[in-house]
Asker: 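Below are the structure tokens for one structure; questions will follow.
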Amino acid sequence: MRGNAPTQKLIAAIAGRLVIAVPYLWLFVFFLVPFFIVLKISLSEVAMAIPAYRPAFDLTQGLAANFEKLRQLSLDNYLWLVDDALYFKAYLSSFFIAAVSTVLTLIVGYPLAYGMARAPSTLRPTLLMLVILPFWTSFLIRVYAWIGILKPEGLLNQFLMWAHIIDTPLTILNTNTAVYIGIVYSYLPFMVLPIYAALEKMDYSLIEAAQDLGCPSLTAFWKVTFPLSMSGVIAGCFLVFIPAMGEFVIPDLLGGSQTLMIGKTLWSEFFSNRDWPVSSAVAVVLLVILIVPIVLFQRAQARAQESGR
């Protein structure tokens, strides 16, 4: 038995390293490899061919030829993004729409998550299922449903006119307001679930202790409940903001011609103009814009935790 101890330790160590390696392998295959493919296309030249670009690097030509191309590498596609104000406006508009949508989703989602966390334990599974229920329907069908609700002769305007709240139909479809409604509705579960997970495991005796010490209920919420749920709030904001920043379907179907988002611009470059290098450059810049703040935030959080110790 003693002779098997080193072997068992070696097997346990190898198994532990394999468990750690699995998520890194997943990121390598499904994130880094596609990223480098897009990066390669962004450094290429547009061409009237299939695929619609002339590769900057070709492994079949050998290392020497690729090294020579690396010395002559051109960043014209990225410089084009800087020269054309359309892309800057698209990035800025996407950031603004995604930020406003995230705040609206937080305003709507936090009370829902709080109510679910404070509900009786027998009702929580049902409430959780109701939050997840929209995912059982196609995302595209749900967005199309909002067209029938928001159009001038749609259900919303008919109800408001029936209730004598308005006299003429409201123009909501094909505006930024419709885009906000679509994003909030579509990504609401991504905000509710992390906040619910943080609130559900919170010790509510802390609230009772604060109230016993003379703290009003509202003050106790802002000083105890909200700070303890901050991890869920941050996770929910990231889960909503990141996909909303590059959203294409919602602004294309619910937004108007004046709705400018980088997802629509990327689609136009890729499919309409067939400029794969420029569209790939747009995607790379978008990814950098989203990744760098997250990395900086994580480092700040790690430093704060280390200083707290």
Asker: Identify the heavy atoms of Val224 and Ala210 that sit nearest to each other, and give their distance.
Answerer: CG2-CB, 4.3 Å

Asker: Does atom CZ (Phe238) have a neighbourhood of more than 12 heavy atoms from anything else shown, all under 6.0 Å?
Answerer: yes

Asker: What's the spacing between Ser231 OG and Lys201 NZ if we round to 0.5 Å?
Answerer: 6.0 Å

Asker: I'd like to know if the side chain of Asn273 and the backbone of Asp275 have a donor-acceptor N/O pair within less than 3.5 Å.
Answerer: no

Asker: For the residue pair Trp267 and Ser272, what are the closest heavy atoms and their distance?
Answerer: CZ3-OG, 3.7 Å

Asker: Enter the distance from Ile183:CD1 to Phe241:CZ here, rounded to the nearest 0.5 Å.
Answerer: 10.5 Å

Asker: On a heavy-atom basis, which atom in Ala90 and which in Thr265 lie closest, and how many Å separate them?
Answerer: CB-OG1, 3.6 Å

Asker: Is the closest side-chain heavy-atom distance between Val240 and Leu188 below 4.5 Å?
Answerer: no

Asker: Would you be so kind as to tabulate the donor-acceptor pairs closer than 3.5 Å made by side chains of residues 130-146, with sequence neighbours excluded?
Answerer:
unit_1: Ser138; atom_1: OG; unit_2: Leu140; atom_2: N; d: 3.4
unit_1: Arg142; atom_1: NE; unit_2: Pro134; atom_2: O; d: 3.0
unit_1: Arg142; atom_1: NE; unit_2: Thr137; atom_2: O; d: 3.4

Asker: Taking 4.0 angstrom as the limit, do Glu247 and Lys264 come out as a salt bridge?
Answerer: no

Asker: Under 30°, 30 to 60°, or over 60°: which ring-plane class applies to Trp276 and Phe270, parallel, tilted or perpendicular?
Answerer: parallel

Asker: Report, as yes or no, whether the 6.0 Å neighbourhood of atom CZ on Phe35 holds more than 12 heavy atoms from other residues, nucleotides or ligands.
Answerer: yes

Asker: Should Asn77 and Leu43 be marked as a side chain to side chain contact (heavy atoms under 4.5 Å, CB included) after you check the CA-CA gap, both sets of side-chain angles, and the distance that decides it?
Answerer: CA-CA 7 Å; Asn77 296 319; Leu43 299 174; 5.9 Å; no

Asker: Which value, rounded to the nearest 0.5 Å, describes the distance between Leu150 atom CG and Leu253 atom CG?
Answerer: 12.0 Å

Asker: Determine yes or no for a side-chain-to-main-chain donor-acceptor pair under 3.5 angstrom, with Ser93 supplying the side chain and Lys89 the backbone.
Answerer: no

Asker: Taking the six-membered ring for Trp, is the centroid-to-centroid distance between Tyr110 and Phe226 below 6.0 Å?
Answerer: yes

Asker: When hydrophobic residues are tied together by side-chain contacts of less than 4.5 Å, even through go-betweens, does Val284 share a cluster with Leu92?
Answerer: no

Asker: Is the number of heavy atoms from other residues, nucleotides or ligands under 6.0 Å of Asp83 CG greater than 12?
Answerer: yes

Asker: Measure the NZ-OG distance between Lys40 and Ser280 for me, rounded to the nearest 0.5 Å.
Answerer: 11.5 Å

Asker: Quick one: do Ile149 and Leu173 satisfy side chain to side chain contact (heavy atoms under 4.5 Å, CB included)? Show the steps, please.
Answerer: CA-CA 9 Å; Ile149 296 173; Leu173 191 63; over 6 Å; no

Asker: Run the numbers on Ile166 and Asn157 for side chain to side chain contact (heavy atoms under 4.5 Å, CB included), then give the verdict.
Answerer: CA-CA 8 Å; Ile166 59 174; Asn157 278 310; 3.7 Å; yes

Asker: Between Met116 and Tyr204, is there a shared hydrophobic cluster once you connect ILVMFWY residues whose side-chain heavy atoms come closer than 4.5 Å?
Answerer: yes

Asker: Please tell me if the side chains of Trp162 and Phe159 come closer than 4.5 Å, counting only heavy atoms from C-beta onward.
Answerer: yes

Asker: Is it true that atom CD of Glu153 has more than 12 heavy atoms of other residues, nucleotides or ligands lying nearer than 6.0 Å?
Answerer: yes

Asker: When hydrophobic residues are tied together by side-chain contacts of less than 4.5 Å, even through go-betweens, does Ile242 share a cluster with Val103?
Answerer: no

Asker: Would you compute the distance between atom CG of Leu266 and atom OG of Ser279 and round it to the nearest 0.5 angstrom?
Answerer: 5.5 Å

Asker: Return the orientation label for the Phe30 and Trp26 ring planes: parallel under 30°, perpendicular over 60°, tilted otherwise.
Answerer: tilted

Asker: Which heavy atom of Leu239 sits nearest to which heavy atom of Pro194, and what is that distance?
Answerer: CD1-CG, 3.8 Å

Asker: Go through it in stages, so that I can follow the logic: the residues are Glu200 and Arg124, the test is salt bridge (charged side-chain N to carboxylate O under 4.0 Å, His left out), and I'd like the CA-CA distance, side-chain angles, deciding distance and then a yes or no.
Answerer: CA-CA 10 Å; Glu200 195 268 339; Arg124 292 177 189 175; 3.4 Å; yes

Asker: Is there any side chain to side chain donor-acceptor pair (under 3.5 Å) pair reaching into residues 171-184, and which pairs are they, with sequence neighbours excluded?
Answerer: Asn176-Thr259

Asker: About how many Å separate CG of Leu128 and CG of Leu123, when rounded to the nearest 0.5 Å?
Answerer: 12.5 Å

Asker: Kindly indicate whether the side chain of Pro216, heavy atoms from C-beta on, has any atom under 4.5 Å from the side chain of Thr219.
Answerer: yes

Asker: Same hydrophobic cluster for Leu127 and Ile195, using side-chain heavy-atom links shorter than 4.5 Å among ILVMFWY?
Answerer: yes

Asker: Taking all heavy atoms of Tyr187 and all of Thr105, pick out the closest pair and write down the distance.
Answerer: O-CG2, 4.0 Å

Asker: Quick one: which of Val33, Val38, Leu32 gives a side chain to side chain contact (heavy atoms under 4.5 Å, CB included) with Phe36?
Answerer: Leu32

Asker: Would you check if the distance from the ring center of Tyr24 to the ring center of Phe31 is below 6.0 Å?
Answerer: no

Asker: Are the side chains of Thr225 and Tyr114 in touch, meaning some heavy atoms are under 4.5 Å apart?
Answerer: yes

Asker: List the steps, then state whether side-chain hydrogen bond (donor to acceptor under 3.5 Å, both in side chains) holds for Ser42 with Tyr78.
Answerer: CA-CA 8 Å; Ser42 70; Tyr78 293 93; 2.7 Å; yes

Asker: For a quick test of reading the model, state the closest non-hydrogen atom pair linking Met161 to Thr168 and the distance between them.
Answerer: SD-C, 4.5 Å

Asker: Do Cys237 and Met191 have side-chain heavy atoms sitting under 4.5 Å apart?
Answerer: yes

Asker: Assigning hydrophobic clusters by single linkage (Ile, Leu, Val, Met, Phe, Trp, Tyr; side-chain heavy-atom cutoff under 4.5 Å), is Phe95 placed with Val82?
Answerer: no

